[in-house]
Amino acid sequence: MPKQSRKVRVPDLLKMKRSAQKITMLTAYDASMASIMDGAGIDILLVGDSLGMVVLGDDTTVGVTLDMMVHHCRAVARGVSRALVVADMPFLTYYSAADAIRNAGRLMQEGRAAAVKLEGGTASADVVRALTDAGIPVMGHLGLLPQQVHQLGGFRAVGRNHEEAEQLIADAHALESAGAFSLVLESIPAELARRVTSGVAIPTIGIGAGPHCDGQVLVSYDAFGLFQGSIPRFVKQYANLGAIMAEAARAYIEDVRGGAFPAVEHSVATGSTGVTAAE
């Protein structure tokens, strides 16, 4: 597929759903990786609070702060020319509508995000409505809610029983009515994801939710083999960059200890006009 140069905007996602064109999303946490994925043609880059686990080494996302998110979001935005940049709102930054507007404003003004993502269904609908009324695009997140891991009793699938499934469907409609432009569906049965996707007009993006969603998202460190911890069973690993980096590090160590690096071509030469790079 040829690279697309036109900037992806929020309305484009609805057009993609209507034309049955699958939406692609990956996480990004820095400018270099964001630039690589943007150049590959990814539609959305999510600056996820998953950075707390895959970048900072925490067990959950709960410890991620707004300042952390602003910092990483601004870095990602610097590396992007095409993809839509969406920023996660961290734990307790959208407890009230006033908090949400103030904190989402920082993610957009300082972090340069184009939209924000927050967890929760019907209980979050008023906050979503306040944000969208303020001109802030909102992506919802239903199913497994990582910020509520302690309340849930761990990372587990959601929607396997009738009560949870019906609540999730109601939550999806509540967020759509509140103005959310899309929904992430995490760790729910594929058939439930199909019902939600066909029942709402806005796009759904699945992670561990089967093939019927309008798009898919993965944590990039999982997909590319950079995270050394436990990987969810729904992840497809597209590369093992961790092993490649480890081998490169071993080669570097061997060269330095053996005197092979730096060689002449890696050194500077002193010329008549001063110190210049060696030819």
Side-chain angles (χ1 to χ4, degrees), residues 1 3-4 8 22-64 68-69 71-88 90 117 139 141 143-147 149 154-157 184-188 190 193 205-211 213-256 261:
M1 178 178 172
K3 178 183 175 182
Q4 300 177 4
V8 177
K22 293 289 188 179
I23 298 164
T24 60
M25 181 162 82
L26 286 166
T27 62
Y29 314 103
D30 63 79
S32 295
M33 281 191 66
S35 179
I36 291 169
M37 291 185 281
D38 184 65
I42 200 74
D43 297 316
I44 307 171
L45 284 175
L46 171 66
V47 188
D49 59 1
S50 50
L51 72 88
M53 301 176 72
V54 300
V55 177
L56 303 178
D58 291 337
D59 292 331
T60 73
T61 65
V62 174
V64 175
M68 292 177 186
M69 289 301 303
H71 172 84
H72 286 273
C73 191
R74 191 173 182 90
V76 168
R78 290 191 185 106
V80 169
S81 61
R82 176 185 177 272
L84 181 75
V85 176
V86 179
D88 264 334
K117 181 172 75 65
M139 176 182 285
H141 186 146
L144 170 61
L145 306 179
Q147 292 176 9
V149 62
F155 295 100
R156 66 171 181 86
V184 168
L185 304 178
E186 181 169 0
S187 295
I188 68 172
I205 300 174
I207 177 168
C213 296
D214 298 305
Q216 298 291 328
V217 59
L218 285 175
V219 173
S220 57
Y221 276 47
D222 292 342
F224 302 151
L226 288 169
F227 183 53
Q228 303 301 305
S230 177
I231 305 298
R233 64 181 297 273
F234 56 75
V235 171
K236 179 175 179 180
Q237 193 174 83
Y238 286 85
N240 192 353
L241 300 186
I244 294 172
M245 291 174 66
E247 181 59 32
R250 285 190 287 269
Y252 167 75
I253 293 166
E254 182 178 347
D255 277 3
V256 171
F261 177 81

Colleague: Between C73 and V85, what is the shortest heavy-atom contact and its length?
Modeller: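 Taking every non-hydrogen atom into account, SG-CG1, 4.2 Å.
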Colleague: I want to check something: taking the side chain as every heavy atom from C-beta on, are V64 and D88 in contact at a cut-off of under 4.5 Å?
Modeller: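 Counting from C-beta outward, V64 and D88 never come under 4.5 Å.
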Colleague: Could you list the residues that satisfy ring-ring contact (aromatic ring centres under 6.0 Å, His included) with F261, not counting sequence neighbours?
Modeller: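 Scan of F261 (ring-ring contact (aromatic ring centres under 6.0 Å, His included), adjacent residues dropped) gives H266.
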Colleague: To the nearest 0.5 angstrom, please state how far the CD atom of Q237 sits from the CG atom of L218.
Modeller: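 The CD atom of Q237 sits 11.0 Å away from the CG atom of L218.
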Colleague: So which atom in L84 and which in V8 form the shortest heavy-atom distance, rounded to 0.1 Å?
Modeller: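 Reported closest heavy-atom pair: CD1-O, 3.7 Å.
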Colleague: Going by the rule side chain to side chain contact (heavy atoms under 4.5 Å, CB included), which residues pair with L241 if we only count those two or more places apart in sequence or in a different chain?
Modeller: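 L241 satisfies side chain to side chain contact (heavy atoms under 4.5 Å, CB included) with F224, L226, A239, I244 once adjacent residues are dropped.
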Colleague: Would you find a donor on one side and an acceptor on the other, under 3.5 Å apart, between the side chain of H72 and the backbone of Y29?
Modeller: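 A pair under 3.5 Å: yes.
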Colleague: Closer than 3.5 angstrom, by distance alone: can the side chain of D38 be matched with the main-chain N or O of V80 as a donor-acceptor pair?
Modeller: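 A pair under 3.5 Å: no.
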Colleague: CD1/I42 to CE/M25 distance, rounded to the nearest 0.5 angstrom?
Modeller: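 I42 CD1 to M25 CE: 9.0 Å, rounded to 0.5 Å.
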Colleague: Work out which heavy atom in F234 is nearest to a heavy atom in S187; give both atom names and the distance.
Modeller: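 Minimum heavy-atom contact is CE2-OG, 3.7 Å.
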Colleague: At what distance, to the nearest 0.5 angstrom, does CG of L26 lie from CG of L46?
Modeller: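 It is 9.5 Å, given to the nearest 0.5 Å.
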Colleague: If you round to the nearest 0.5 Å, how far is CG of L56 from OG of S50?
Modeller: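 Atom-to-atom, S50:OG and L56:CG are 10.0 Å apart.
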Colleague: To the nearest 0.5 angstrom, please state how far the CG atom of L51 sits from the CE atom of M69.
Modeller: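 CE of M69 is found 6.0 Å from CG of L51.
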Colleague: To check you understand the geometry: which heavy-atom pair defines the closest contact between A209 and A193, and what is its length?
Modeller: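 That closest heavy-atom pairing would be O-CB, 3.2 Å.
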Colleague: Please report the shortest heavy-atom distance between K22 and P211, naming the atom on each side.
Modeller: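 Heavy atoms of K22 and P211 come nearest at NZ-O, 3.2 Å.
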Colleague: First locate atom CE of M53, then atom CZ of F227, and finally report the distance between them rounded to the nearest 0.5 Å.
Modeller: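 Between atom CE of M53 and atom CZ of F227 there are 6.0 Å.
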Colleague: Any side-chain to backbone donor/acceptor pair from Q216 onto G210? Under 3.5 Å, distance only.
Modeller: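 Yes; judged by distance alone, with no hydrogens or angles, the pair exists.
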Colleague: Which pair of heavy atoms, one from A28 and one from L45, lies closest together, and at what distance?
Modeller: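 Result for this residue pair: CB-CD2, 4.0 Å.
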Colleague: Are side-chain heavy atoms of L185 and C213 found at a separation under 4.5 Å?
Modeller: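 A side-chain contact exists here, since the closest heavy-atom pair is under 4.5 Å.
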Colleague: Measure from the side-chain N and O atoms of T27 to the backbone N and O of S220, and report whether any donor-acceptor pair falls under 3.5 Å.
Modeller: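 Side chain of T27 to backbone of S220: a pair is present.
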